[in-house]
Every structure is written in C-alpha cells, then in structure tokens.
Amino acid sequence: MKGQLFVLSGPGGVGKTTVALALLEQIPTLERVVTMTTKQPRPSEVDESDYFFVSEAEFRRHVASGDFLEHAEVYGQDFYGTPRAAIDAVINAGKQALLVIDVHGGGQVKAHYPSAQLIFLLPPSLEELKRRLLTRGEDDVAAINARLHEATREIEIGRVKYDHCVVNDKLERAVAEIEAIITAL
C-alpha cells in the first residue's frame with residue numbers, strides 16, 4: 001500500500017514548524033521529509049533534522065543530477081529543494097509524508113504528485129504575523145518588511161491553489177484541523 005503526501009505551506013513566522021512538530025507527535029504514520037537548503041542555520045536548527053544544510057555548489061550538483069522534486073531560490077539569496085528519493089521512500093513504505101515548503105514549491109509538488117494534499121497555514125492577520133516575526137527576533141526590520149510583502153503574495157496563492165486553508169490563531173485548534181485532514185485520507 002502506498003502512502004500519501006501532504007504539503008504544509010505558509011508565510012514565514014506563521015508557525016509551520018511548530019504545527020508540523022505537533023502533528024508528528026500525534027500521528028504515528030506521519031513522517032516529515034527533510035528538505036535541503038543553502039541558508040545558514042538558525043541557532044535552534046539542527047542539520048539533517050530541520051534541513052540538510054549544504055553549500056551552493058553541492059546544491060547545484062543535485063539540481064544538475066535531477067535529484068529534486070522541486071527547488072527554488074527564496075528571497076533572492078538562499079536555495080531550497082526537496083529530494084525526490086526521500087518522498088518516494090516514505091510513500092513507498094506506506095507512510096504519510098509531510099513536506100514543509102513554500103507555496104511555489106507546493107505547486108511544483110502538485111504537478112508531479114496530483115494526489116498530494118496541499119495545506120496552507122494562514123496567520124490570523126498580517127498584524128499578528130508581524131508581531132510573531134518581531135518576537136522571533138531573527139530578522140531585522142527590513143527583512144521583516146520583505147517577509148510581510150511576500151506573505152501577502154503567498155496568502156493569495158495559498159487561498160487559490162491549495163486544497164485546504166487553516167488559520168493558525170490557536171495552535172491546538174490549527175493542529176486538530178490539520179490532523180483531521182490527514183487522518184480522513
């Protein structure tokens with residue numbers, strides 16, 4: 001029996017990682033697929049757990065070899081990609097794969113895996129998203145403003161192209177709603 005692929009997307013600061021970790025704790029058949037990036041790790045991020053952190057040269061070798069299901073340059077500075085083999089391994093093992101990527105990657109995934117369920121995590125408001133980004137303390141004001149500008153575009157795409165939209169106003173409620181989506185399929 002083949003598994004199912006779920007894509008969780010949303011603007012930076014909306015709580016994707018927090019929601020994903022809660023889902024992984026609650027759904028034993030759910031397995032997160034770790035993506036690859038050239039970005040510098042945040043102090044809280046762990047190599048091979050949060051991302052596979054690689055050099056730009058190594059990333060480009062994977063692109064040239066066709067190893068990625070999807071890949072993109074984000075914010076004009078860092079590259080992200082999803083190793084195709086990692087997705088296939090989880091699905092072929094009969095498990096549910098959880099992929100946490102941006103909306104552009106979600107569209108690429110859907111083109112290759114039409115049965116993938118795309119879930120977009122919305123902030124309660126842009127004001128709340130800004131507050132979360134400021135509280136996170138990882139970006140300067142210019143970066144936060146760029147993220148908010150991009151968030152507006154991502155939200156428009158998510159509302160139109162994603163199978164499900166879930167507002168992350170209360171963590172427990174958002175997790176329960178996504179868990180219901182995953183376990184229903």
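Just so it is clear, the structure is predicted and the values come from calculations on it, not from any experiment.
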Donor-acceptor pair, side chain of Ser9 and main chain of Ile101, under 3.5 angstrom = yes
Nearest heavy-atom neighbours spanning Glu31 and Val90 = OE2-CG2, 3.4 Å
Near-ring test Phe59/Tyr80, centroid separation under 6.0 angstrom = no
Spacing of CG belonging to Leu8 relative to CD1 belonging to Ile181, to within rounding of 0.5 Å | 9.5 Å
Hey, what do you get for CZ (Phe79) to OG1 (Thr35), rounding to the nearest 0.5 Å?
-> 14.5 Å
Answer yes or no: does atom NZ of Lys39 have more than 12 heavy-atom neighbours from other residues, nucleotides or ligands under 6.0 Å?
-> yes
Give, for atom NE2 of His112 and atom CG of Leu69, the distance between the pair rounded to the nearest 0.5 Å.
-> 5.5 Å
Arg61/Asp67 salt bridge by N-O under 4.0 Å criterion = no
Do the side chains of Leu98 and Val103 join up, straight or via other hydrophobic residues, at under 4.5 Å, putting them in one cluster?
-> yes
Is there a path from Val63 to Leu99 through hydrophobic residues (I, L, V, M, F, W, Y) whose side chains come within less than 4.5 Å of each other?
-> no
In this structure, OG1 of Thr38 is separated from CZ of Arg60 (nearest 0.5 Å) by 8.5 Å
Looking only at side chains, do Glu70 and Thr82 share a donor and an acceptor under 3.5 Å apart?
-> yes
Parallel, tilted or perpendicular: ring planes of His62 versus Phe68, cut at 30 and 60 degrees = tilted
Do you reckon Val166 sits in the same ILVMFWY cluster as Tyr162, going by side-chain contacts under 4.5 Å, direct or chained?
-> yes
Apply the side chain to side chain contact (heavy atoms under 4.5 Å, CB included) test between Pro124 and each candidate in Asp169, Leu129, Val14; give the one that qualifies.
-> Asp169
Nearest heavy-atom neighbours spanning Gly106 and Val7 | CA-CG1, 4.1 Å
Min side-chain heavy-atom separation His164-Gln117 under 4.5 Å | yes
Atom of Gly15, atom of Asn168 and distance for their closest heavy-atom approach = CA-ND2, 3.9 Å
CD1/Ile182 to CD/Gln26 distance, rounded to the nearest 0.5 angstrom?
-> 10.0 Å
Backbone N/O of Ser115 and side chain of Lys110: donor-acceptor pair under 3.5 Å | no
With a 4.0 Å cut-off, would you call Arg42 and Glu45 a salt bridge?
-> yes
Within a strict 4.5 Å, meaning less than it, do heavy atoms of the Ile27 and Gln96 side chains meet?
-> yes
In plain terms, say whether Arg153 and Glu156 are close enough for a salt bridge, that is, a side-chain N and a carboxylate O under 4.0 Å apart.
-> no
Heavy-atom pair of closest approach, residues Leu121 and Ala174 | CD1-CB, 4.5 Å
Does the pair Leu171 and Val175 meet the rule for a side chain to side chain contact (heavy atoms under 4.5 Å, CB included), with working shown?
-> CA-CA 6 Å; Leu171 178 63; Val175 170; 3.8 Å; yes
Looking only at atom types and distance, does a side-chain atom of Lys16 sit under 3.5 Å from a main-chain N or O of Gly10, one as donor and one as acceptor?
-> yes
Are Val46 and Phe53 close enough that some pair of their side-chain heavy atoms sits under 4.5 Å apart?
-> no
Of Ile119, Leu30, Val100, the residue whose pairing with Leu23 passes side chain to side chain contact (heavy atoms under 4.5 Å, CB included) | Leu30
Path from Val33 to Leu118 over hydrophobic side-chain contacts below 4.5 Å | yes
Of all the heavy-atom pairs spanning Val34 and Glu48, show the shortest one and how long it is.
-> CG2-O, 4.0 Å
Nearest 0.5 Å, what's the CZ-CD distance between Phe120 and Glu154?
-> 6.0 Å
Do Ile87 and Leu24 share a hydrophobic cluster, counting only Ile, Leu, Val, Met, Phe, Trp and Tyr and linking them when any side-chain heavy atoms are less than 4.5 Å apart?
-> yes
Run the salt-bridge test on Glu128 and Arg131 with the 4.0 Å N-O cut-off and return the result as yes or no.
-> yes
Please report the shortest heavy-atom distance between Cys165 and Gly158, naming the atom on each side.
-> SG-O, 3.6 Å
